[in-house]
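Below is one structure, written out as structure tokens; the observations come after it.
Chain letters run A, B, ... following the sequence lines, proteins first and then strands; every chain starts at 1.
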Amino acid sequence: MNGEESTGLDFIRARIVRDGKTGKYDGRVHTRFPPEPNGYLHIGHAKSICLNFGIADEYNGLCNLRMDDTDPSKESMEYVEAIKRDVRWLGFDWGDRMYYASDYFDQLYEWAVKLIKKGKAYVDQLSEEEIREYRGTVTEPGRPSPYRDRSIEENLDLFERMKNGEFADGELVLRAKADLASPNMKMRDPLMYRIRHMSHYRTGDKWCIYPMYDFTHGQSDSIEKITHSICTLEFENNRELYDWFLDEIEIYHPQQIEFARLNLSHTVMSKRRLLELVEEGCVDGWDDPRMPTISGLRRRGYSPEAIRAFCDRIGVAKRESMVDIALLEHCLREDLNRRAMRVMAVLRPLKVVIENYPEDEVEMLDAVNNPESESAGSRKLPFSRVIYIEQEDFREYPPKKFFRLAPGREVRLKHGYFIKCEKAIRDEKSGEIIELRCTYDPKTKSGEAPAGRKVKGTLHWVSADHAVSAEVRLYDHLFTTPDPMSESGEEDHKKYLNPRSLEVLEGCMVEPSLSDARPGEYFQFLRQGYFCVDSRDSKPGALVFNRTVGLRDTWAKIEKAQQSKKG
RNA sequence: UGGCGUGUCGUCCAGUGGCAGGACAGCUGACUCUGGAUCAGCCGACGGGGGUUCGAAUCCUCCCACGCCAACCA
């Protein structure tokens, strides 16, 4: 903006700064985010949204939201609404600039007529297969269709009759008369219009011919006076055509710039693949918390701030890349660590009786809500003779470096006392350990003078009488392999679906303060991870929590290393 | 194969003729009433060959690899 050097900027921003200096668009910056409403937005779209809206913000420009809705067979209002909701949720505002390519159909039709009159477009009646054949290959030039040289009058007449519905689907198409010998396949007389007797979710039955992407996108940008039309790499070949249409129609000409789309490890990122997972029931829907969709991430417990921070950190460039999902998770933890209230929840309860604690006494202990944020305050936590701890926090035969509870060992209960394990009680039939007998040391109460000795471990716990039961859903990566698409054939990626991407735990015990947690509210379950109240299935009295992401787990690493050492 | 595009630590991104840097991941250690967080440190890369230059990731050249394009999808 203010003439600073362009180093450190990504290549798109560098170019915008340059265009600003040369006055290419009178210093204007106007971008747009142009999804097709044929599916839900995913984290890859978030990258594009952050880029387009972000640039508009940074350079004092504007960013439009536009539905690229030229294919009536796939698009719907449901998707439009979902897209608007997701963009807004991410924190961006298109003001009064919500546009639809379908609003430009009349104008587009006129421009098509103009091209016909210029001798730059013709009505072809070759079949789909024939057109493919005539187009040639990457090494051989295309051949002209026998209909390529119809008279302008005949083209005009035929095109109008196409519009009027006098022909069946596929019978005729309108093609640009460009360059059949072009080494760029996109220039070999691309289709401009096809016949589809199908009603459109917005224009209804007004049209039975619909413009193709290439004959729509650039002109839509032009109508909206977009300066920089930012799109993904696969449209690089289309740029020549983008320019050609604008020049032939002789209208305002934005600059198309392409960048590499986001690929994220351990998931898939094409709308087609995601649709497939939804339709085949591999997941619960577009907003299944395992999906990389914006709605899935939202339901999983991701914050818009975390997603935006991620989009900033991955940068923008032209090389195809695969971002490690660990970076997304890092951005999430970084955000939630600052803001999430710490609470205690026991996922797999193990009963502990503190034998020397009075039968009916209940103490209300002070518990800090968030050590990262003093203003979060504190709450009271009930403590009593019978509590639950995590099953995995006890080992009868503790391995090396296991700092938790074991026979004869002492640990601290977070916000409470030291307890020492005196005895483990087994179920006679199963042999399973079902209860621990412990003693506590009254001199070790949290916040009071230290008893002069230390313990290595601190456990989370809940008071049995006061705990609230809840369902907890543990989510993990959707795919077991970083790049399911490349490590498999066309349809084989599904064999890498993670069978453990969802584990449902019932009968979890959470502290009483959680009983009135609201849908979407997020917490850190101490020592375990970040969790949010499921916005679809959780009800008062029947709480459901989703694990958004686990905490860094050093012990798990140590244990894994120990096990692999043993072979 | 024709065209377009891209090659820098394991991963992502900087560096645009002058000591190759950051982030994530990994590994050490310090600290800790979360094995969290935080802090300190370590590991680690210019696709290859030739050339220009005092000096090349950067310029030239050849090669190699990868991606995209032969949809009436976008």
- Got a donor-acceptor pair under 3.5 Å from the side chain of A:Gln524 to the base of B:U34? yes
- Task: Could you list all the salt bridge (charged side-chain N to carboxylate O under 4.0 Å, His left out) pairs where at least one residue sits in residues 134-145 of chain A, not counting sequence neighbours?
- Result: none
- Query: To the nearest angstrom, how far is A:His217 atom NE2 from B:C73 atom C1'?
  - Reply: 14 Å
- Of the listed B:C69, B:G35, B:G36, the closest approach to the A:Phe402 side chain comes from B:G35
- Item | A:Lys271 bridged to A:Glu36 by N-O distance under 4.0 Å | no
- Determine the sole option in A:Arg404, A:Arg395, A:Lys400 for which the salt bridge (charged side-chain N to carboxylate O under 4.0 Å, His left out) test with A:Glu559 is passed. A:Arg395
- Base versus backbone protein contacts along nucleotides 21-27 of chain B [heavy-atom cut-off under 4.0 Å; B, S, -]: --SSSSS
- Query: Where does the angle between the aromatic ring planes of A:His493 and A:Phe479 fall among parallel (under 30°), tilted (30 to 60°) and perpendicular (over 60°)?
  - Reply: tilted
Distances under 3.5 Å between nitrogen or oxygen atoms of protein and nucleotides 3-6 of chain B:
residue: B:G3; atom: N2; partner: A:Asn237; partner atom: OD1; Å: 3.1
residue: B:G3; atom: N2; partner: A:Asn237; partner atom: ND2; Å: 3.4
residue: B:G5; atom: O2'; partner: A:Glu236; partner atom: OE2; Å: 3.3

- Fill in the dot-bracket string of RNA chain B, one character per base: . for unpaired, | for a pair to another strand, ( ) or [ ] for pairs within the strand, taking Watson-Crick or G-U pairs under 3.5 Å. .((((((..((((....[..)))).(((((.......)))))....(((((..]....))))))))))).....
- Query: Between B:G35, B:C72, B:A71, which one does the side chain of A:Thr458 approach most closely?
  - Reply: B:G35
- Not counting sequence neighbours, which residues clear salt bridge (Lys or Arg N to Asp or Glu O under 4.0 Å) with A:Glu78? List them please. none
- Task: Give a yes/no answer on whether the side chain of A:Thr216 brings an N or O atom under 4.0 Å of OP1 or OP2 in B:A74.
- Result: no
- Query: Between A:Arg135 and B:G2, is there a side-chain N or O to OP1/OP2 distance below 4.0 Å?
  - Reply: no
- Under 4.0 angstrom between A:Thr70 side-chain N/O and B:C73 OP1 or OP2: no
- Query: When you measure from the side chain of A:Trp555, which nucleotide among B:G36, B:C12, B:G35 comes out closest?
  - Reply: B:G35
- Centre of A:Tyr100's six-membered ring, under 6.0 Å away, within 45 degrees of the axis: is that where NZ or CZ of A:Arg202 sits? yes
- Would you say A:Arg412 reaches B:U32's phosphate, i.e. side-chain N/O to OP1/OP2 under 4.0 Å? no
- is_close_aromatic(A:Trp461, A:Phe383), centroid dist under 6.0 Å: yes
- Query: Listed by chain and number, what are the side chain to side chain contact (heavy atoms under 4.5 Å, CB included) partners of A:Arg319, not counting sequence neighbours?
  - Reply: none
- Item | Distance in angstrom units between A:Met341 CE and B:U34 P, rounded | 18 Å
- Query: Do A:Asp483 and A:Ser486 have side-chain N/O donor and acceptor atoms under 3.5 Å apart?
  - Reply: yes
- Task: Indicate whether OP1 or OP2 belonging to B:A37 is found under 4.0 Å from a side-chain N or O atom of A:Arg342.
- Result: no
- Measure from the side-chain heavy atoms of A:Pro371 and tell me the nearest of B:C12, B:U34, B:A71. B:U34
